[in-house]
Trainee: 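The structure's right below; bear with me while I get my questions together.
Only heavy atoms go into these numbers, but all of them, side chains included; no hydrogens, no water, no symmetry mates.
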Amino acid sequence: MNLSPSMGLGARDFSADASMPPVVKVRRVRHDLAGYGYMRSIMLFMKWAHEQEKFPTTEEVIARFRVSRATAYRLTSALADTYGIDPVGRHKGRR
């Protein structure tokens with residue numbers, strides 16, 4: 001079976017060409033908890049949340065840890081579940 005000239009033969013010349021520009025990796029913006037493991041991140045959040053006078057809002061979590069809204073919501077929901085706080089009423093009087 002013969003390969004056609006377009007199947008594989010041109011790839012060697014293309015990939016071996018040193019004049020190709022290097023691939024630039026785009027770095028995503030990292031949040032404040034990015035360098036820590038999962039457990040350590042949770043502990044830092046819990047320590048901070050415990051030090052607050054009132055239940056932290058998702059906006060406060062975003063401002064403190066620079067995380068996405070989804071992550072802030074997951075953290076506050078887990079905190080509410082842990083302490084048995086009703087998720088609907090946990091932010092009453094906070095606006």
Trainee: In Å, rounded to the nearest 0.5 Å, how long is the span from CD of Gln52 to NZ of Lys47?
Mentor: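 These two atoms lie 10.0 Å from each other.
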Trainee: To the nearest 0.5 Å, what is the distance between CZ on Arg69 and OG1 on Thr58?
Mentor: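 These two atoms lie 5.0 Å from each other.
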Trainee: For the hydrophobic clusters of this structure (ILVMFWY residues joined by side-chain heavy atoms under 4.5 Å, transitively), does one cluster hold both Ile62 and Trp48?
Mentor: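 No; tracing contacts between hydrophobic side chains, which count when under 4.5 Å, never links both residues.
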Trainee: When you check the side-chain N and O atoms of Arg74 and Ser77, is any donor under 3.5 Å from an acceptor?
Mentor: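 Arg74 vs Ser77: no donor-acceptor pair found between side chains.
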Trainee: Go through the steps for Val61 and Tyr73 under the test side chain to side chain contact (heavy atoms under 4.5 Å, CB included), then give the verdict.
Mentor: CA-CA 9 Å; Val61 175; Tyr73 183 78; over 6 Å; no
Trainee: When rounded to the nearest 0.5 angstrom, what distance separates CZ in Arg64 from CZ in Arg66?
Mentor: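 Between Arg64 CZ and Arg66 CZ, I get 10.0 Å after rounding to 0.5 Å.
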Trainee: Please determine whether residues Phe65 and Met43 belong to a single hydrophobic cluster, defined as Ile, Leu, Val, Met, Phe, Trp and Tyr linked transitively by side-chain heavy-atom distances below 4.5 Å.
Mentor: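 Result: no, two separate clusters.
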Trainee: So, for Phe45 and Thr76, which heavy atoms are closest and what is the spacing to 0.1 Å?
Mentor: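 Minimum heavy-atom contact is CZ-N, 4.3 Å.
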